[in-house]
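Heads up: the structure comes next, in structure tokens.
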Amino acid sequence: MRRILLQRVTKTFDGVTAVDGLDLDVAAGEVFGLLGPNGAGKTTTIRTILGIYGPDSGRIDYGNGGTGLSKDRIGYLPEERGLYPKMRVMDLLVFLGEIKSLSRSEAAGRAGEWLERMGLSEWSNRRVDQLSKGMQQKLQFIATVIHDPDLLILDEPFSGLDPINVAVLKEIMQTLTSEGKILIFSTHQMEDAEALCDRICLINRGRKVLEGTVTELKSLYTRNRLRIAFHGSDDFLKDTNLVRHVENHGNHVEVELQPAADPGDLLRQALTDAQVQRFEVSEPSLRDIFLMAVGGEDSGDNQDE
């Protein structure tokens, strides 16, 4: 399986459109970030890819002639934990491995390897509810990958993890993509998405708002953001025909220009009103882009995450 292709996929619930004509092309060997505010349609999109929901219209191509995707080839880590708290760690992993068509011995062997890799070997005979939140998250990740799936969908995989274990998990995710896995990563943590994703799709109200590499998305917004240090009057910042938003950071200001504004026009005004020490185009973070793209919009009545 080399890619997953969504073409004009739409899904509604009780008259509310959760996913609206969505196109996605997710290739193997990359970390694909599926981002959006609460209610954007991320969960419905994921469940439709997984086959939990069927699209009302449009199609999903798994690269195998449209025959669907065997659940044995999928690894899904949901945001909410789905572990059995009274089971022992090793018994749980063997059970889940057998559900995914592994033999008992094969599941036990893989479980032991993953527990060692994730630093949980000494907890293998403990009950799940005796593990910390972070340990349970690592256990759920193991349950997601134990059967060596072709498609991995990870929803907030770093929840409850300390920085050291976040780094370990990021390294494993990159290793999995280098092995040719398809990996879809959903998160609200823009810094993680910016650092980890090869490509990103931002959706809002069930529709695609932006898609591309982090570099491509930043290039769309860079011209509209400035960093300015100056002494004197700030009257030039009050021209609403040029300036959309200003953040004062003490020794400099961050300026978001109106969409059609020319930075040169603001510079000319700044030189008239003040003594300019620095005037430069500021590269926005992915969080800045997220806020500019959807921050001013209401996500609607859809309760999908």
Side-chain angles (χ1 to χ4, degrees), residues 1 4 28-29 31-32 34 43 46-47 49-52 62 68-189 192 196 305:
M1 186 170 70
I4 291 178
V31 178
F32 185 89
L34 184 63
T43 298
I46 287 171
R47 290 176 178 173
I49 292 172
L50 292 172
I52 297 172
Y62 297 96
L69 188 63
S70 167
K71 291 180 172 54
D72 291 349
R73 307 314 310 144
I74 299 171
Y76 176 41
L77 191 158
E79 185 174 4
E80 304 83 10
R81 289 191 181 87
L83 303 173
Y84 297 100
K86 300 303 180 183
M87 290 188 72
R88 297 188 184 277
V89 167
M90 178 60 78
D91 293 340
L92 173 67
L93 291 176
V94 170
F95 169 69
L96 295 176
E98 289 180 306
I99 288 177
K100 294 294 187 176
S101 300
L102 298 180
S103 69
R104 175 171 288 271
S105 61
E106 191 175 20
R110 293 188 185 185
E113 292 172 1
W114 274 107
L115 289 170
E116 177 70 26
R117 188 172 183 179
M118 300 296 286
L120 292 176
S121 292
E122 62 185 84
W123 296 84
S124 61
N125 290 316
R126 300 287 190 93
R127 284 197 334 235
V128 171
D129 59 6
Q130 294 177 306
L131 274 61
S132 69
K133 181 179 179 181
M135 289 177 179
Q136 289 187 32
Q137 185 69 0
K138 290 196 288 184
L139 178 61
Q140 183 141 318
F141 179 80
I142 295 172
T144 303
V145 300
I146 191 171
H147 57 295
D148 192 28
D150 298 317
L151 168 63
L152 285 158
I153 301 179
L154 308 180
D155 193 353
E156 299 292 355
F158 307 133
S159 176
L161 298 182
D162 59 47
I164 293 175
N165 282 303
V166 168
V168 169
L169 198 54
K170 285 181 178 179
E171 182 179 351
I172 292 172
M173 290 169 64
Q174 291 171 330
T175 298
L176 291 169
T177 57
S178 72
E179 295 171 354
K181 309 296 185 186
I182 294 177
L183 199 158
I184 299 174
F185 171 45
S186 182
T187 183
H188 290 97
Q189 302 302 317
D192 289 333
L196 193 58
E305 293 296 316

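Throughout, residue positions are numbered sequentially from 1 according to the sequence presented. Atom set for the values below is all heavy atoms of this structure, side chains included, hydrogens, waters and symmetry mates excluded. Just so it is clear, the structure is predicted and the values come from calculations on it, not from any experiment.
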Nearest heavy-atom neighbours spanning D72 and H147: O-CD2, 3.0 Å

Dump the intermediate steps for side-chain contact (heavy atoms from CB on, under 4.5 Å) on I142 and K138, then the final yes or no. CA-CA 6 Å; I142 295 172; K138 290 196 288 184; 5.5 Å; no

Extract all donor-acceptor atom pairs below 3.5 Å that involve side chains of residues 157-164 and protein atoms in other chains or at least two apart in sequence.
residue : atom : partner : partner atom : Å
D162    : OD1  : I164    : N            : 3.0
D162    : OD1  : N165    : N            : 2.8
D162    : OD1  : N165    : ND2          : 3.3
D162    : OD2  : N165    : ND2          : 3.2

Rounded distance [0.5 Å steps], CG in L151 versus NZ in K181: 10.5 Å

To the nearest 0.5 Å, atom CD1 of I153 lies from atom CD1 of I184 at 4.5 Å

Looking only at side-chain N and O atoms, does D192 offer a donor or acceptor that is under 3.5 Å from a partner on T187? no

Quick one, L77 and Q137 - any side-chain contact, counting heavy atoms below 4.5 Å? yes

E171 CD: over 12 foreign heavy atoms closer than 6.0 Å: no

Of the non-hydrogen atoms in A143 and L96, which two are nearest, and what is the gap between them? CB-CD1, 3.6 Å

In terms of heavy-atom contacts, does NZ of K170 have more than 12 from other residues, nucleotides or ligands at under 6.0 Å? yes

Does any part of the side chain of L139, heavy atoms only, come nearer than 4.5 Å to the side chain of L92, both counted from C-beta? yes

Give me the atom names and distance for the closest heavy-atom approach of I74 to K100. O-NZ, 3.6 Å

Would you compute the distance between atom CE of M118 and atom CE of M135 and round it to the nearest 0.5 angstrom? 11.5 Å

How close do Q140 and E80 get, heavy atom to heavy atom, and via which atoms? NE2-O, 3.6 Å

Side-chain donor-acceptor pairs under 3.5 Å in residues 105-114, sequence neighbours left out?
residue : atom : partner : partner atom : Å
S105    : OG   : S103    : OG           : 3.4
E106    : OE2  : R110    : NH2          : 3.0
R110    : NH1  : I146    : O            : 3.0

For Q136 and D129, work out which heavy atoms get closest and say how close. NE2-CA, 4.2 Å

Distance check, rounded to the nearest 0.5 Å: D148 atom CG versus E179 atom CD? 7.0 Å

Any heavy-atom pair between the side chains of F141 and L154 that's under 4.5 Å? yes

For I49, does its backbone N or O pair with a side-chain atom of Y62 as donor and acceptor, under 3.5 Å? yes

In Å and rounded to the nearest 0.5 Å, what is the OH to NZ distance from Y76 to K71? 13.0 Å

Are the side chains of I172 and V145 in contact, using a 4.5 Å heavy-atom criterion? no

4.5 Å side-chain heavy-atom contact, I99 and F95: yes

Look at atom CD of E116 and say whether more than 12 heavy atoms of other residues, nucleotides or ligands are closer to it than 6.0 Å. no

Distance, nearest 0.5 Å, that separates CG of D155 from OG of S186: 4.5 Å

Below 4.5 Å, heavy atoms only, C-beta onward: do L115 and M90 meet side chain to side chain? yes

With sequence neighbours excluded, give me every ring pair (Phe, Tyr, Trp, His ring centres under 6.0 Å) pair touching residues 115-139. none

